[in-house]
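This report concerns only the one structure given below.
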Number of protein chains: 2
Amino acid sequence: MRERDEGAPAGRRVTAMDVARAAGVSVSAVSRAFTPGASVSARTRARVMAAAAKLDYMPNALARGLMTQRSNLIGIILTNFKNPLYLSVLDHFTHAIQQRGLRALVFNISRGGDLTEAARQILQYSVDGLIVSAGAISPLLAGQCARRQIPVVAFARNPRSKDIDVVCADNVAGGRMAARLLIERGYRRIGYLGGSAQASTSQDRGKGLVGELEDAGLSLHCSVHASEYSYEAGRVAARALLSMDEPPDALFCANDVLAFGALDVARHRFGLSVPGQLGIVGFDDIGLAEADSFSLTTVRQPIEEMVRETIALMMRRMEDPRLEPETRLLSCSLVERGTVRGPRL
Amino acid sequence: MRERDEGAPAGRRVTAMDVARAAGVSVSAVSRAFTPGASVSARTRARVMAAAAKLDYMPNALARGLMTQRSNLIGIILTNFKNPLYLSVLDHFTHAIQQRGLRALVFNISRGGDLTEAARQILQYSVDGLIVSAGAISPLLAGQCARRQIPVVAFARNPRSKDIDVVCADNVAGGRMAARLLIERGYRRIGYLGGSAQASTSQDRGKGLVGELEDAGLSLHCSVHASEYSYEAGRVAARALLSMDEPPDALFCANDVLAFGALDVARHRFGLSVPGQLGIVGFDDIGLAEADSFSLTTVRQPIEEMVRETIALMMRRMEDPRLEPETRLLSCSLVERGTVRGPRL
DNA sequence: ACCCTGATTGCAAGCGTTTGCAAAAAATGG
DNA sequence: CCATTTTTTGCAAACGCTTGCAATCAGGGT
């Protein structure tokens, strides 16, 4: 009985050494054959590759990572698994990451996991970078990453920290755009349907709204914070606002899903005509915002661009870890559809 | 100038050896302190933990994985980044995986990546398991995993292979449920708005529909395959069906997003009343199906249960790799809302 | 044919852990 | 208090790869 044969016996895992033996070269040669710019002749590389193929060998990324100090892993920490926007965020991130020969290690802290703990878990895999789209990044966490020279970038959340890279939509400006549109179209009793009170995104969007209203000599008519970023939460929040004594004639919602809830409650429960009696503006521009049923006028976050910037920032810092942290606010754009009335002609 | 001090100099990464030195023990002790059931006294463990905390040490998962042959990584390969259902799938998977002290390595092949190639990439990280929710799993791939003793399970896709574990909704039965409901409620010209023709899910749902129709002495009135699982594709497909000479009076759609498209086209472009003139049944029961605007009657996939089964199957096979592959079809349930008319009283 | 240069190669020392084994220490029993 | 059993401990050998270094080789010029 032989110890190991070519072919496919369910045996010991095949290592560079097996390939080396089969190809009649050293392990170093095998390693070099699998390393793009390495010093190895075409002939041996071919030999090695042939042997590798026959044995169904592939380099062990763990061992390689251990040795090179580069795991080729990028950690992604996410909270928001309710907002469809984040499916597309993940789509773009994983795609961009793979394009660069990296892999995505994703961590979910939506069920009340602790961010710092999550980061610890992920750091154990010595990721080459960390993308965090979740509440505040503690200085502790930032420190841990800095010490290990691991680039972290806060995505679509603005920790307002000068110690960290952040890529985020310009939510304040976005809020202003929404306000300007509503004012321009003749709405006067404008309310804010925000997300959770601590979320920087919700705060900033509201801030922008209020700022622009005040610039126009108006003031915020009413506001409420939804318990979470979900359709249902949007409904209950909107119901509260619309049953006030003097209800708003327009609502700016902190995100599209909330807006859907508000829209449905307004139309189907309060019998209001939208945009006639109530104007609604959302935020994000998720896919379904353009569905006829909603046809939601909304502020679009440039997700793809944000992802691109995030990766770029990360790569840049991987090259030179002592760069000054940067905050990049990308501009949103207004997508007009059917929930805000047209300009008076 | 000292080589390394406690505190937080941005220096060499801190290893078990540093902790050992600081705690006055051997590296083995450190390792054992961090390994749950290991043979180590409470006193030394405490010492080690204290030193570790002071130095901000955490074990290197790569090295550990290399040594133990268990990376604690689970690979997830996904195609469908357009269907919101998959955000919740990811939510549940990442959560379940983390619960068990594992991490999720996710790979996106929606942009036309090759599954077998993706798997190769992921296998390099010597994942402890692989979840594949994408087209057909080639025997080649299955073989590679089997040889390496890596459990693979096909999720929400039925490769109809006896060589692999699969967890899937019972799509045929689901199709039948939809058909039965429509027939019962008096619809007679029932059409199928399928997804891509190769997808096992779309095939099976259609098969169920047709089967039940034939059992009732009816036949499929018409059918079409949408180009992809998206709202827009649903619209164009529905438009085609509804502009036939004798249009269907009910549509079973291969998934909710397609159904949304169909619903909107029917109501807003064809001016049809739903469910009066046209009945619509979707599949999945994604969050927004319950929105007032859609209030979609649909066949619910038991996602949470499916995820649970998938993980269970995987763990089981990790214990005993020579188990017979199993195919688990989980039953769907009908969620009646407003797009199919009520029973005649 | 000979020396010099630059491209390939193999050796061996790591990377940061875990773990079998045997020695040391602590606990137990008489 | 000693012999015996049970815990704890450290040593050193892996795990599968990369890489600096020195040795080897091929080629070019004279």
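Numbered from 1 within each chain, the chains take letters A, B, ... in sequence-line order.
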For nucleotides 20-24 of chain C, tabulate all protein N/O to nucleotide N/O atom pairs closer than 3.5 Å, reporting atom names and distance.
none

Can we say [X] and [Y] salt-bridge, meaning some charged N sits less than 4.0 Å from an Asp/Glu carboxylate O?
| X | Y | answer |
| --- | --- | --- |
| B:Arg111 | A:Asp91 | yes |
| A:Arg148 | B:Asp56 | yes |
| B:Glu324 | B:Lys162 | no |

Given atom [atom1] of [X] and atom [atom2] of [N], what is their separation to the nearest angstrom?
| X | N | atom1 | atom2 | answer |
| --- | --- | --- | --- | --- |
| B:Asn60 | D:dC17 | CG | P | 17 Å |
| B:Arg70 | C:dT17 | CZ | C1' | 16 Å |
| A:Leu66 | D:dG16 | CG | P | 12 Å |
| B:Arg47 | D:dT9 | CZ | C1' | 13 Å |
| A:Phe34 | D:dT19 | CZ | P | 15 Å |
| B:Met17 | C:dT18 | CE | P | 15 Å |
| A:Arg13 | D:dC17 | CZ | C1' | 12 Å |
| B:Arg148 | D:dC15 | CZ | P | 17 Å |

Please confirm whether the shortest side-chain N or O distance from [X] to OP1 or OP2 of [N] is below 4.0 Å.
| X | N | value |
| --- | --- | --- |
| B:Tyr57 | C:dT17 | yes |
| B:Ser41 | D:dT9 | yes |
| B:Ser31 | C:dT18 | yes |
| A:Thr44 | C:dT8 | no |

Under a 4.5 Å cut-off applied to non-hydrogen side-chain atoms, are [X] and [Y] in contact?
| X | Y | value |
| --- | --- | --- |
| A:Thr310 | A:Ile131 | yes |
| A:Asp165 | A:Arg317 | yes |
| B:Val153 | B:Val132 | no |

Bend of the helix from C:dA1-D:dT30 to C:dG30-D:dC1 from end-axis comparison, five pairs per end, nearest 10°, comes to 30°
Judged by each residue's nearest nucleotide on DNA chain C, which is more toward the 5′ side, B:Val30 or A:Val40? A:Val40
Counting side-chain heavy atoms from C-beta on, which of [options] comes nearest to [X]?
| X | options | answer |
| --- | --- | --- |
| B:Arg64 | D:dG16, C:dC15, C:dT18 | C:dT18 |
| B:Thr68 | C:dT18, C:dT17, D:dG16 | C:dT18 |
| A:Met67 | C:dG10, C:dT18, C:dG14 | C:dG14 |

Between the main-chain N or O of B:Ser200 and the side-chain N or O of B:Asn158, is there a donor-acceptor pair closer than 3.5 Å? no
Do side-chain atoms of A:Tyr125 reach the backbone of B:Ser71 as a donor and acceptor pair under 3.5 angstrom? yes
Taking any heavy-atom pair under 4.0 Å as a contact, classify B:Thr15: base, sugar-phosphate, or nothing. sugar-phosphate
Students often get this wrong, so: under 4.0 angstrom with heavy atoms, is B:Val25 touching a base, only sugar-phosphate, or nothing? sugar-phosphate
Would you say the ring centers of A:Phe34 and A:Tyr57 fall short of 6.0 Å from each other? yes
For A:Met17, does the CE atom have more than 12 heavy-atom neighbours from other residues, nucleotides or ligands under 6.0 Å away? no
